[in-house]
Amino acid sequence: MTVKSIDKQYVMGTYNRFDLHLVEGKGSLIKDEKGKEYIDLTSGIGVTAFGIADKEWSDAVKNQLDTLQHVSNLYYTSPCALLAQHICERTGMSKVFFSNSGAEANECAIKVARKYASDKGYDRANILTLKNSFHGRTLATLSATGQEHYHEHFQPLPTGFVYADANDIDDVISTAKANNVCAIMIECVQGEGGVVPLYPHFVKAIDEYAKENDVLLIVDEVQTGNGRTGQLYAYMNYGIKPDVFTTAKGLGGGLPIGACVVSEKAQNVLGFGDHGSTYGGNPVACAGALSVIERIDEKLLKEVREKSEYIFDTLGRAKGVETVKGMGLMIGIKTVKPVSDVIRECMENGVLTLSAKDKLRLLPALNIDFDLLKKAVEIIKNACKI
Ligand SMILES: *Cc1c(COP(=O)(O)O)cnc(C)c1O
């Protein structure tokens with residue numbers, strides 16, 4: 001039996017997998033079981049920030065693996081402490097809670113928001129999220145996700161979420177006022193929603209409203225974080241400072257980790273016994289993450305912005321391309337051809353890409369070699385041609 005047929009028989013069919021069995025890789029190149037090589041513009045959906053089998057990351061992980069792979073959160077360990085310190089020093093935030101995924105990081109943010117309001121004696125439990133958002137697959141984060149089709153068949157969902165239109169500040173404010181809102185949660189670039197960046201004036205206006213009304217602003221940086229948009233975190237492109245941000249994907253470089261990061265205002269909201277996770281802050285995941293985030297410096301971020309500009313320029317003028325949207329190396333391309341045809345053609349010609357709604361989505365490794373990127377963009381250009 002082939003891996004594909006075993007998987008089909010024994011793994012729950014929750015993923016509509018591409019007809020591709022991948023076996024190994026290095027950097028932004030990946031090989032399938034027949035030895036065919038692909039340029040990877042997906043990075044495991046924004047996870048492998050420095051590509052496959054990145055040496056610094058794998059050395060950091062292996063070293064920790066052979067030293068102390070796990071104890072429990074009843075003890076201090078250095079990778080967890082140092083990673084939290086690094087994130088706080090780079091962002092001006094105050095404290096971090098580590099979990100194992102993006103959805104879990106958002107669960108923590110939801111708990112912070114509810115308890116913040118409760119500590120203050122406010123009668124506020126609702127969290128406002130935006131329509132077309134994506135915040136995860138646990139029941140609460142599914143409920144937070146402002147797309148009805150994800151909610152179908154899973155009722156009843158946890159209550160306490162209200163939705164407003166993205167880029168419509170009047171709708172956000174009136175919905176917040178009408179619903180005793182303790183927090184507003186946004187993605188600066190809606191990823192799964194089709195790579196849709198929020199307008200700067202809209203994000204600024206939400207930030208002002210939140211501050212004036214002591215409502216927490218939570219920014220979901222699960223996909224946009226860790227250098228993806230050309231800044232360490234996407235909110236930095238908007239000149240705001242959230243009360244809480246969450247991140248995951250790219251932080252781990254390929255091992256499961258999530259982080260809920262809070263500002264001074266919310267730093268003491270969760271205390272002993274209020275939250276926990278068996279694996280959260282795991283030394284191996286944290287050591288890998290530290291080796292990732294330490295290398296997301298100004299030089300790398302500049303390269304991300306330059307590569308982004310190249311993609312926008314080249315594909316923006318390409319035949320069969322309607323629009324190119326996004327930020328940094330998180331890019332959504334509306335093509336004239338159906339996106340599934342473009343993805344298939346790219347794959348046949350040795351380039352792996354993603355979709356987001358009806359768009360072609362690119363999330364290459366941040367350090368992808370520029371010549372390799374150019375080669376891949378040419379292949380995409382040809383695949384988009386009508
Ligand atoms: C992927 C994603 C999540 C969920 O992360 P998981 O690690 O799959 O739980 C949450 N929010 C956003 C914006 C995401 O892109």
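Counting convention: from 1, in listed order, for ligands and their atoms alike.
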Side-chain donor/acceptor of K31 to backbone N/O of K36, under 3.5 Å:
no
Testing K265, R124, K111 for side-chain contact (heavy atoms from CB on, under 4.5 Å) with Y116, which one passes?
K265
Return a yes/no value: protein heavy atom under 4.0 Å from atom 8 (O) of ligand 1?
no
For F161, does the six-membered ring have the charged nitrogen or CZ of R114 within the cation-pi criterion, i.e. under 6.0 angstrom from the centroid and within 45° of the normal?
yes
Between K211 and E208, does any NZ, NE, NH1 or NH2 come within less than 4.0 Å of an OD or OE carboxylate oxygen?
no
Under 4.0 Å to a heavy atom of A103 - the qualifying atoms of ligand 1, by number
4 (C), 5 (O), 6 (P), 9 (O)
Would you mind reporting whether S355 and R361 have side-chain heavy atoms less than 4.5 Å apart?
no
What are the atoms of ligand 1, with element, lying closer than 4.0 Å to any heavy atom of S101?
7 (O), 9 (O)
Does A248 approach ligand 1 within less than 4.0 angstrom via side chain, backbone, both or neither, non-hydrogen atoms only?
neither
If the cut-off is 4.0 Å to any non-hydrogen atom of E187, which atoms of ligand 1 fall inside it?
13 (C)
side-chain contact (heavy atoms from CB on, under 4.5 Å) partner of I380, the single match among L315, I343, T335
L315
Looking at D7 and R17, is any side-chain nitrogen of the basic one under 4.0 Å from a carboxylate oxygen of the acidic one?
yes
Which ligand 1 atoms are under 4.0 Å away from a heavy-atom of D220?
10 (C), 11 (N), 12 (C), 13 (C)
Counting from 1 in the order shown, the ligand 1 atoms closer than 4.0 Å to a non-hydrogen atom of H135 are 10 (C), 11 (N)
Compare E192, K249, E221, E104 and give the one whose heavy atom is closest to atom 15 (O) of ligand 1.
K249
Considering the heavy atoms of Q223, write down every atom of ligand 1 situated less than 4.0 Å from one of them.
15 (O)
Distance to 0.1 Å, residue and atom name: give those for the protein heavy atom nearest to atom 5 (O) of ligand 1.
G102 CA, 3.4 Å
